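Data block below; observations after.
Note that the structure is a prediction, hence the values are computed from the model and not measured. The analysis underlying the following values was restricted to heavy atoms, covering all of them including side chains, and did not include hydrogens, waters or symmetry mates.
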Amino acid sequence: MAIVDGLLVAEGVKVFNLSYGQLLANEKFLLLRHMVLSHHGRLEWGAAIKPAIPEAILLHQLDLMDSRLEMMREVYDDQQPDSFSDRIFGLDNIHLYRHGD
């Protein structure tokens, strides 16, 4: 978290053109920082903090959907038509079906 947070603060100083103290008092920067630090949604999934604003919760849901779609794409690309995949752990152990092309 310290590295990510440090990079956010350094970039925030450049983008917002504020001093470090002014930046930490800037609500827009703090909200953006919160969204980046909480986008994984759960501490056990790598989030530094849990999302606590609607925008951060939505960002987490979008990130979760993107990761699930990527898992499906990886399996689907290597799968034969009209077949089921092996269990996909990250998708609650489902067997993904690939329909005929």
Side-chain angles (χ1 to χ4, degrees):
M1 177 178 134
I3 293 172
V4 171
D5 200 30
L7 291 172
L8 279 170
V9 170
E11 286 301 308
V13 168
K14 292 180 198 173
V15 171
F16 287 90
N17 198 26
L18 299 171
S19 71
Y20 178 73
Q22 292 171 321
L23 185 64
L24 293 180
N26 182 288
E27 183 181 31
K28 287 182 181 178
F29 174 76
L30 292 178
L31 293 172
L32 177 62
R33 179 177 173 250
H34 174 78
M35 290 175 65
V36 170
L37 294 175
S38 67
H39 79 278
H40 285 298
R42 295 185 184 176
L43 303 179
E44 61 268 26
W45 290 351
I49 54 177
K50 291 181 180 181
I53 58 174
E55 297 86 350
I57 294 168
L58 177 61
L59 179 62
H60 161 63
Q61 292 299 319
L62 292 169
D63 185 58
L64 186 63
M65 185 173 34
D66 178 61
S67 69
R68 300 303 190 257
L69 288 169
E70 182 61 21
M71 278 187 254
M72 285 186 269
R73 187 199 57 76
E74 287 177 4
V75 170
Y76 203 77
D77 285 351
D78 295 333
Q79 196 174 338
Q80 295 298 316
D82 298 318
S83 68
F84 284 93
S85 70
D86 293 332
R87 290 183 185 156
I88 305 171
F89 175 76
L91 297 174
D92 295 326
N93 290 315
I94 67 161
H95 295 273
L96 185 65
Y97 179 73
R98 180 171 183 167
H99 53 82
D101 290 334

[atom1]-[atom2] distance between [X] and [Y], expressed to the nearest 0.5 angstrom:
X	Y	atom1	atom2	answer
Ser85	Met71	OG	CE	12.5 Å
Met35	Ile57	CE	CD1	10.5 Å
His99	Gln79	NE2	CD	10.0 Å
Glu55	Leu32	CD	CG	11.0 Å
Asn93	His95	CG	NE2	7.5 Å
His40	Ser67	NE2	OG	9.5 Å

Greater than 12 external heavy atoms within 6.0 Å of [X]'s [atom1]:
X	atom1	result
Asp86	CG	no
Glu44	CD	yes
Arg68	CZ	yes

side-chain contact (heavy atoms from CB on, under 4.5 Å) between His34 and Ile53, worked out: CA-CA 9 Å; His34 174 78; Ile53 58 174; 3.7 Å; yes
Can you name the nearest heavy-atom pair linking [X] to [Y], along with the distance?
X	Y	result
Ala48	Leu43	O-CD2, 3.7 Å
His60	Ser38	CB-O, 4.5 Å
Gly100	Pro81	CA-CB, 4.0 Å
Arg98	Tyr76	NH1-O, 2.8 Å

Shared hydrophobic cluster, Leu58 / Leu69 (ILVMFWY, side-chain heavy atoms < 4.5 Å): yes
Connected via hydrophobic side-chain network under 4.5 Å: Ile94 and Phe84: no
Asn26 side-chain N/O to Lys28 backbone N/O, donor-acceptor pair under 3.5 Å: yes
Side-chain touch Leu91/Leu96, heavy atoms, less than 4.5 angstrom: no
Verdict with supporting geometry, Met65 and Leu62, side-chain contact (heavy atoms from CB on, under 4.5 Å): CA-CA 5 Å; Met65 185 173 34; Leu62 292 169; 3.7 Å; yes
